S.K.: 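Take a look at this one; I'll ask things after.
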Amino acid sequence: MELNKIKKAEKLDKNFYTRDPLTVARELLGKIFVRRENGITLLGKIVETEAYDGATDESAHSYNGKTKRNAVMFEEGGVLYVYFTYGVHFCANVVTGQKDEGTAVLLRAFEPLNNFDLLAERRFNKSDITEKEKLNLTNGPGKICQAFNIKRSENGISLLGNQIYILNSEPVSDGMTVQTTRIGIKKSTELPWRFYIRNNPFVSKK
DNA sequence: ATCAAGATTACCT
DNA sequence: GGTAATCTTGATA
């Protein structure tokens, strides 16, 4: 079965994460995000990402330097940066680069691969969902965190541990990769730092 | 102490 | 297409 093959893939290592955020954002497409809790393993294929770089990018949380909120973003690549926004949602980022650079990749959408009942319970308070609702499980940064139970307590967690990590996969070809401008920001809107897999139905927006 | 804004989502017309 | 929901943080005083 396909899932068994995925589970045997290798965990992405430190060297993957300590590169620049644009490269990591591009290469994270197609990789398998793993969330383990209480013996349950949730799997999601990463289909949409955005890069943020505090050095030049006014929309990055890290642009104005380190604060209590964004401190994790300044750690060495390979940890998870989780923040709370609009009083409602959490968003999860993969921290990239070297220590004190303040770079990260926002995880914007997954294609869910297993445990659809649990994901549906968390998102819609029911396990039976329509095909349309299935597409709405993890097609946005806040939805990912709700479905995969990522919250404050996961901020700063290492991606090299066994609770949350990412598995390698075949690279997504250039032809299947779309690079465009980011969503939901008001500054640095011209930067083409968003990546998604072409024609994937779980991407948050065309 | 006060206040505005926010890397969003769901629901309304 | 418009907007309410809901709360934490960081800036300013």
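Throughout, protein chains are lettered first and strands after them, A, B, ... in sequence-line order, and every chain is numbered starting at 1. Here the structure is a predicted model, which means the values were calculated and not measured.
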S.K.: Tell me whether the OP1 or OP2 atom of B/dT9 has a side-chain N or O from A/H89 closer than 4.0 Å.
M.R.: no
S.K.: Under the rule for ring-ring contact (aromatic ring centres under 6.0 Å, His included), what residues qualify as partners of A/F84, not counting sequence neighbours?
M.R.: A/F90
S.K.: Do any of residues 94-124 of chain A sit with a heavy atom less than 4.0 Å from DNA chain C, and if so which?
M.R.: none
S.K.: In which ranges does DNA chain B form stems of 3 or more consecutive Watson-Crick or G-U pairs, distances under 3.5 Å?
M.R.: B:1-6 with C:7-12, B:8-12 with C:1-5
S.K.: Check the side chains of A/K132 and A/N136 for a donor-acceptor pair under 3.5 angstrom, ignoring hydrogens and angles.
M.R.: no
S.K.: Between the protein and nucleotides 9-11 of chain C, are there any N/O to N/O pairs under 3.5 Å, and if so, what are the atom names and distances?
M.R.:
residue : atom : partner : partner atom : Å
C/dG10  : OP1  : A/T67   : OG1          : 2.2
C/dG10  : OP1  : A/R69   : N            : 2.9

S.K.: Is it the case that atom NZ in A/K68 sees more than 12 heavy atoms from other parts of the structure closer than 6.0 Å?
M.R.: no
S.K.: Round to the nearest Å and state the distance from A/R182 atom CZ to B/dG6 atom P.
M.R.: 14 Å
S.K.: Taking everything shown except A/K151 itself, do over 12 heavy atoms lie less than 6.0 Å from its NZ?
M.R.: yes
S.K.: Can you list the other members of the hydrophobic cluster that holds A/Y86, where links are side-chain heavy atoms under 4.5 angstrom apart?
M.R.: none
S.K.: Find the distance A/E58:CD to B/dA7:P and express it as a whole number of Å.
M.R.: 13 Å
S.K.: Using atom CG of A/L137 as one end and atom P of B/dT9 as the other, report the distance to the nearest whole Å.
M.R.: 13 Å
S.K.: Rounded to the nearest angstrom, tell me the gap between atom CG in A/D57 and atom P in B/dA7.
M.R.: 11 Å
S.K.: Look at all strands and tell whether A/Y52 reaches a base, only sugar-phosphate, or nothing, counting heavy atoms closer than 4.0 Å.
M.R.: base
S.K.: Under a single-linkage definition using a 4.5 Å side-chain heavy-atom cutoff for Ile, Leu, Val, Met, Phe, Trp and Tyr, are A/F124 and A/L135 assigned to the same hydrophobic cluster?
M.R.: no
S.K.: I want to verify a distance call: between B/dT9, B/dG6, B/dA7, whose nearest atom is closest to the A/K186 side chain?
M.R.: B/dG6
S.K.: Is a side-chain N or O of A/T103 found less than 3.5 angstrom from the main chain of A/T96, in a donor-acceptor match?
M.R.: yes
S.K.: At a cut-off of 3.5 Å, list every protein nitrogen or oxygen paired with a nitrogen or oxygen from nucleotides 11-13 of chain B, distance to 0.1 Å.
M.R.:
none

S.K.: Are side-chain heavy atoms of A/R194 and A/L106 found at a separation under 4.5 Å?
M.R.: no
S.K.: Side chain of A/V88 only, please: which of C/dC7, C/dT6, B/dG6 is the nearest?
M.R.: C/dT6
S.K.: How far apart are the C-alpha atoms of A/R182 and A/Y52, what are their side-chain angles, what is the distance that settles it, and do they pass the side-chain contact (heavy atoms from CB on, under 4.5 Å) test?
M.R.: CA-CA 10 Å; A/R182 297 172 296 179; A/Y52 287 86; 3.1 Å; yes
S.K.: Rounding to an integer number of Å, can you tell me how far A/Y63 OH sits from B/dG6 P?
M.R.: 15 Å
S.K.: If I take atom CG in residue A/L191 and atom C1' in nucleotide B/dA7, what distance separates them, rounded to the nearest angstrom?
M.R.: 13 Å
S.K.: Test side-chain contact (heavy atoms from CB on, under 4.5 Å) on A/T177 and A/F195 and set out the steps.
M.R.: CA-CA 7 Å; A/T177 301; A/F195 299 86; 4.2 Å; yes
S.K.: Give a yes or no on whether A/V47 and A/I183 share a hydrophobic cluster (residues Ile, Leu, Val, Met, Phe, Trp, Tyr; joining criterion: side-chain heavy atoms under 4.5 Å apart).
M.R.: no
S.K.: Over how many whole Å does the gap from A/D53 atom CG to B/dA7 atom C1' extend?
M.R.: 14 Å
S.K.: Does either side chain, that of A/Q146 or that of A/R122, offer a donor lying less than 3.5 Å from an acceptor on the other one?
M.R.: no
S.K.: Do A/L28 and A/L160 sit in one hydrophobic cluster, given that two such residues count as connected whenever their side-chain heavy atoms are within less than 4.5 Å of each other, even indirectly?
M.R.: yes
S.K.: What is the distance from OH of A/Y86 to P of C/dT6, rounded to the nearest Å?
M.R.: 16 Å
S.K.: Using the ring-ring contact (aromatic ring centres under 6.0 Å, His included) definition, which of the options A/Y196, A/F202, A/F148 pairs with A/F110?
M.R.: A/F148
S.K.: Considering only the C1' atoms, how many Å lie between B/dA7 and C/dG1, rounded to the nearest integer?
M.R.: 22 Å
